There are 2 protein chains.
Amino acid sequence: MKLTSKGRYAVMALVDLARFNNINPVSLRDISLRQGISLDYLEQIFSKLRKKEIVQSVRGIQGGYVLNKKANEIKLTNIFDAVDEKVKTVQCKKESKKGCNGKSTKCLTHNLWDELENHINNFFEQKSLEDLIKDNRERRI
Amino acid sequence: MKLTSKGRYAVMALVDLARFNNINPVSLRDISLRQGISLDYLEQIFSKLRKKEIVQSVRGIQGGYVLNKKANEIKLTNIFDAVDEKVKTVQCKKESKKGCNGKSTKCLTHNLWDELENHINNFFEQKSLEDLIKDNRERRI
DNA sequence: ATAAACCTGACTAAAATAGTCAAGTATATA
DNA sequence: TATATACTTGACTATTTTAGTCAGGTTTAT
Ligand code: FES
Ligand code: FES
């Protein structure tokens with residue numbers, strides 16, 4: 001089970017942005033330089049974040065991005081959802097009664113994978129951007 | 001974040017095996033048929049499980065595999081470890097002081113990913129093969 | 001002897017990931 | 001108003017990982 005760079009970068013970038021938020025829009029260029037993430041890749045990521053109304057864009061010179069909600073209202077779930085970083089413990093569709101590989105019923109371990117998925121998603125639902133920033137400040141002391 | 005088939009199959013196969021354990025060795029052929037997993041793939045998986053002493057093999061006709069420990073002593077952690085299904089939330093090496101992409105320090109969100117990794121691994125450490133079988137019996141009533 | 005079943009290593013098609021690249025559009029400011 | 005900064009969009013691609021397959025064994029009960 002791996003967390004993809006896309007998901008990891010999305011959170012890193014938003015934490016970076018959130019620290020400078022309320023002052024000025026933060027440009028992707030700055031985030032790119034500070035966090036060492038490819039600018040072109042960031043652009044893809046922020047396009048998705050904007051579509052899901054997690055950030056707002058300010059075009060033109062001195063532009064950049066601003067948070068569109070309070071930091072405590074942005075959970076990891078929302079971020080991951082926006083960039084299509086989803087937890088998948090199975091191959092088969094949830095809606096369908098059928099199992100993996102076209103089997104007619106769900107497998108012996110199906111319930112386990114559901115539990116696992118919930119366990120992980122719970123973590124994402126509990127952590128907000130604000131938590132991350134606080135956590136970070138304390139660490140710096 | 002996806003669970004790979006290899007990890008999923010390893011657990012499925014062991015649950016299947018554990019149900020018939022204590023009677024006779026269980027052949028991979030049977031597991032393959034019952035669970036709909038490629039025989040050749042199962043062989044790869046069981047080779048690893050045997051090397052980590054989770055199962056024992058019985059060669060020749062009427063042969064197969066038997067659990068090498070009690071079902072309550074085999075945790076998901078042990079199974080995943082055996083087949084190299086590991087949880088990885090970061091790219092950078094844990095031992096190294098360096099961050100991802102060759103950065104000289106760890107990133108802003110590093111602590112978060114450590115927490116996430118622990119959170120997931122906790123789940124794997126708590127679940128034993130016995131739990132899965134019990135769970136399954138109850139469900140069948 | 002033979003068939004069932006384990007054992008091993010090499011190989012490969014397909015999918016996913018982690019980007020890059022090219023060609024724009026909007027706007028603050030000099 | 002010229003221009004540089006920064007967002008916007010979509011297509012393209014190299015690399016890696018996954019999920020197997022395939023071809024050849026070896027062991028042993030009957
Ligand atoms: S995981 Fe798909 S059938 Fe259980
Ligand atoms: S995840 Fe590698 S530096 Fe934090």
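The shown structure was predicted, so the numbers you read here are calculated from the model rather than taken from an experiment. A, B, ... follow the sequence lines: proteins, then strands. Residue 1 opens every chain.
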Would you say B:Arg50 reaches C:dC6's phosphate, i.e. side-chain N/O to OP1/OP2 under 4.0 Å?
no
Could you state the NZ-C1' distance from A:Lys48 to D:dT9, rounded to the nearest angstrom?
13 Å
What is the distance, rounded to the nearest whole Å, between atom NZ of A:Lys88 and atom C1' of C:dT17?
16 Å
Whole-Å gap separating C1' (D:dT9) and CG (A:Leu42):
16 Å
Sequence neighbours left out, what pairs pass salt bridge (Lys or Arg N to Asp or Glu O under 4.0 Å) with at least one residue falling in residues 92-103 of chain A?
A:Lys94-A:Glu117
What bend angle does the helix from C:dA1-D:dT30 to C:dA30-D:dT1 show across its length, from five-pair end axes and to the nearest 10 degrees?
10°
Please report, rounded to the nearest Å, how far the C1' atom of C:dC7 is from the CD1 atom of B:Ile45.
15 Å
If a pair satisfies salt bridge (Lys or Arg N to Asp or Glu O under 4.0 Å) and one of its residues is in residues 29-42 of chain A, list it, with sequence neighbours excluded.
A:Asp16-A:Arg34
To the nearest 0.5 Å, tell me how far A:Ile37 CD1 sits from A:Ile45 CD1.
6.5 Å
What is the ring orientation for A:Phe46 with A:Tyr65, classed by angle as parallel under 30°, tilted 30 to 60°, or perpendicular over 60°?
tilted
Stepwise side-chain contact (heavy atoms from CB on, under 4.5 Å) check, A:Asp135 with B:Asn111:
CA-CA 9 Å; A:Asp135 202 52; B:Asn111 186 56; 2.9 Å; yes
B:Ser32: which residues meet the side-chain hydrogen bond (donor to acceptor under 3.5 Å, both in side chains) condition with it, sequence neighbours left out?
none
Under the rule for salt bridge (Lys or Arg N to Asp or Glu O under 4.0 Å), what residues qualify as partners of A:Asp114, not counting sequence neighbours?
none
Please state how far atom CG in B:Leu49 lies from atom C1' in C:dC7, giving the value in whole angstrom units.
14 Å
Please list all pairs meeting salt bridge (Lys or Arg N to Asp or Glu O under 4.0 Å) that have one or both residues in residues 56-79 of chain B, counting only residues at least two apart or in different chains.
none
Results of ring-ring contact (aromatic ring centres under 6.0 Å, His included) for B:His119 - residues two or more places apart only:
A:His119, A:Phe123
Would you jot down, in residue-number order, the residues of residues 24-36 of chain B having a non-hydrogen atom under 4.0 Å from DNA chain C?
B:Val26, B:Ser27, B:Leu28
Write out all pairs satisfying salt bridge (Lys or Arg N to Asp or Glu O under 4.0 Å) with one or both partners inside residues 119-128 of chain A, taking only residues at least two apart or from two chains.
A:Lys127-B:Glu115
Strictly under 3.5 Å: I want the nitrogen or oxygen pairs between protein and nucleotides 18-21 of chain D, one per line.
{"residue": "D:dA19", "atom": "OP1", "partner": "B:Ser5", "partner atom": "N", "Å": "3.4"}
{"residue": "D:dA19", "atom": "OP1", "partner": "B:Ser5", "partner atom": "OG", "Å": "3.3"}
{"residue": "D:dA19", "atom": "OP2", "partner": "B:Ser5", "partner atom": "N", "Å": "3.0"}
{"residue": "D:dG20", "atom": "OP2", "partner": "B:Tyr9", "partner atom": "OH", "Å": "3.0"}
{"residue": "D:dG20", "atom": "N7", "partner": "B:Gln44", "partner atom": "NE2", "Å": "3.4"}
{"residue": "D:dT21", "atom": "OP2", "partner": "B:Ser38", "partner atom": "OG", "Å": "2.5"}
{"residue": "D:dT21", "atom": "O4", "partner": "B:Gln44", "partner atom": "NE2", "Å": "2.6"}

Please report, rounded to the nearest Å, how far the P atom of C:dT17 is from the CE atom of A:Met1.
12 Å
Kindly write out the residues that satisfy side-chain contact (heavy atoms from CB on, under 4.5 Å) with A:Asn68, not counting sequence neighbours, or none if the list is empty.
A:Glu53, A:Gln56
Which of residues 56-70 of chain B have a heavy atom under 4.0 Å from DNA chain D?
B:Arg59, B:Gly60, B:Ile61
Verdict with supporting geometry, A:Asp84 and A:Lys48, salt bridge (charged side-chain N to carboxylate O under 4.0 Å, His left out)
CA-CA 9 Å; A:Asp84 309 306; A:Lys48 295 183 176 188; 3.2 Å; yes
Given 3.5 Å as the limit, does a donor-acceptor pair link the side chain of B:Thr77 with the main chain of B:Phe124, or not?
yes
